[in-house]
Amino acid sequence: MKMDVEQLTLANLINKNKDELVKTGYSKLTLEGIERVWNNLEQYLRNKRINYFSMDHAMTFLRERYHFTETERSASINQHRLRAIQLLGDFQAHKRIFIRRKQKRYIFAQTFEDILLEYMDFRKT
């Protein structure tokens, strides 16, 4: 009998999520950082007598424990903490882990058009 992820306790959700992260190839160091946040979340919710995960409770935890706000640009450590919470939310909602990567932006001093025109002028001379 398959258990529905939405009915898992926080501890079970964390265990299943951790298993998936290991399968996905997350490094030991990265897992330690994620697990630290999860352990703190478990303790926080236990003190509030809450046994199940919700994004609302998790975001309140981030605000109260780490003074995290979603609106301001926060330190990278807070981004990692948010990511740990998002992993639980994604797994609870979709039964899978989503790999989120920042897209790199490349800014060039000149546009391709400028370079091409400069090259054409060079060739003409």
Side-chain angles (χ1 to χ4, degrees):
M1 183 171 120
K2 188 174 179 182
M3 188 176 219
D4 190 18
V5 175
E6 287 135 17
Q7 298 302 316
L8 294 175
T9 63
L10 177 60
N12 287 336
L13 180 62
I14 287 172
N15 287 334
K16 288 192 173 291
N17 206 315
K18 182 180 174 187
D19 291 344
E20 287 298 313
L21 292 177
V22 169
K23 286 180 199 174
T24 306
Y26 272 62
S27 72
K28 183 179 179 186
L29 185 62
T30 302
L31 284 172
E32 287 173 1
I34 291 169
E35 287 179 307
R36 191 174 311 113
V37 175
W38 290 348
N39 291 336
N40 289 332
L41 175 64
E42 275 188 294
Q43 182 181 13
Y44 172 84
L45 292 180
R46 193 176 316 116
N47 290 341
K48 302 262 186 206
R49 303 201 187 290
I50 299 169
N51 198 27
Y52 293 92
F53 175 83
S54 80
M55 283 302 287
D56 289 337
H57 291 122
M59 294 309 292
T60 302
F61 156 75
L62 287 176
R63 280 190 295 277
E64 290 181 12
R65 170 76 187 220
Y66 301 111
H67 309 289
F68 176 84
T69 59
E70 297 171 78
T71 54
E72 69 183 43
R73 183 164 171 77
S74 61
S76 65
I77 188 70
N78 279 340
Q79 291 302 316
H80 292 293
R81 291 169 178 150
L82 176 61
R83 179 65 186 130
I85 297 302
Q86 287 172 334
L87 286 166
L88 292 174
D90 289 345
F91 195 83
Q92 181 184 46
H94 307 289
K95 300 179 177 88
R96 61 182 292 211
I97 292 173
F98 294 103
I99 306 299
R100 297 173 194 229
R101 301 198 195 284
K102 284 187 175 181
Q103 292 185 356
K104 294 182 181 179
R105 289 185 161 226
Y106 298 99
I107 300 173
F108 299 100
Q110 293 179 299
T111 65
F112 179 74
E113 183 180 5
D114 293 338
I115 294 170
L116 181 62
L117 291 173
E118 195 174 298
Y119 176 73
M120 288 172 59
D121 288 341
F122 168 77
R123 292 300 293 167
K124 286 178 188 176
T125 60

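For this chain, numbers begin at 1 and follow the sequence in order.
A distance of 11.5 Å separates CZ of R83 from CD of Q79, quoted to the nearest 0.5 Å. The line from CG of L62 to CG of L41 is 8.0 Å long, rounded to the nearest 0.5 Å. In this structure, OG1 on T24 lies 10.5 Å from CG on D19, to the nearest 0.5 angstrom. A distance of 7.5 Å separates CG of D121 from OG1 of T125, quoted to the nearest 0.5 Å. With rounding to the nearest 0.5 angstrom, the CG atom of N17 is 12.0 Å from the CG atom of N12. We find the CZ-CD1 distance between F122 and I115 to be 14.5 Å, quoted to the nearest 0.5 Å.
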Report task. Please step through side chain to side chain contact (heavy atoms under 4.5 Å, CB included) for the pair I34 and H80, ending with a clear verdict. Result -> CA-CA 8 Å; I34 291 169; H80 292 293; over 6 Å; no
**Report entry** Intermediate values then yes/no, side chain to side chain contact (heavy atoms under 4.5 Å, CB included), V37 and F61
**Finding:** CA-CA 10 Å; V37 175; F61 156 75; 4.1 Å; yes
Query raised in the report: Checking side chain to side chain contact (heavy atoms under 4.5 Å, CB included) for the pair Y52/T9: CA distance, chi angles, key distance, verdict?
Result: CA-CA 5 Å; Y52 293 92; T9 63; 4.2 Å; yes
Report task. Could you check F91 against I14 for side chain to side chain contact (heavy atoms under 4.5 Å, CB included), going step by step and ending with a plain yes or no? Result -> CA-CA 9 Å; F91 195 83; I14 287 172; over 6 Å; no
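T60 is listed as a side-chain neighbour of R63, based on a closest heavy-atom distance under 4.5 Å.
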Do any side-chain atoms of residues 44-51 form donor-acceptor pairs under 3.5 angstrom with protein atoms, and if so which ones, sequence neighbours left out?
residue: Y44; atom: OH; partner: E64; partner atom: OE1; Å: 2.9
residue: N47; atom: ND2; partner: Q43; partner atom: O; Å: 3.4

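Applying the side-chain hydrogen bond (donor to acceptor under 3.5 Å, both in side chains) criterion to S27, with sequence neighbours excluded, gives T30. Residues satisfying the side-chain contact (heavy atoms from CB on, under 4.5 Å) criterion with I77, sequence neighbours excluded, are A75, R81. In terms of the side-chain hydrogen bond (donor to acceptor under 3.5 Å, both in side chains) criterion, residue partners of K23 (sequence neighbours excluded) are, by chain and number, E20. For R123, the side-chain contact (heavy atoms from CB on, under 4.5 Å) test picks out Y119, with sequence neighbours left out.
Under the salt bridge (Lys or Arg N to Asp or Glu O under 4.0 Å) criterion, the residue pairs touching residues 24-35 are K18-E35, with sequence neighbours excluded.
The two atoms that bring N78 and Y66 nearest to each other are OD1-CB, 3.9 Å, heavy atoms only. Nearest heavy atom pair, residue M55 against residue G89, reads SD-CA, 3.9 Å. Annotation for F53 and A58: closest pair CE1-CB, 3.6 Å, computed over non-hydrogen atoms.
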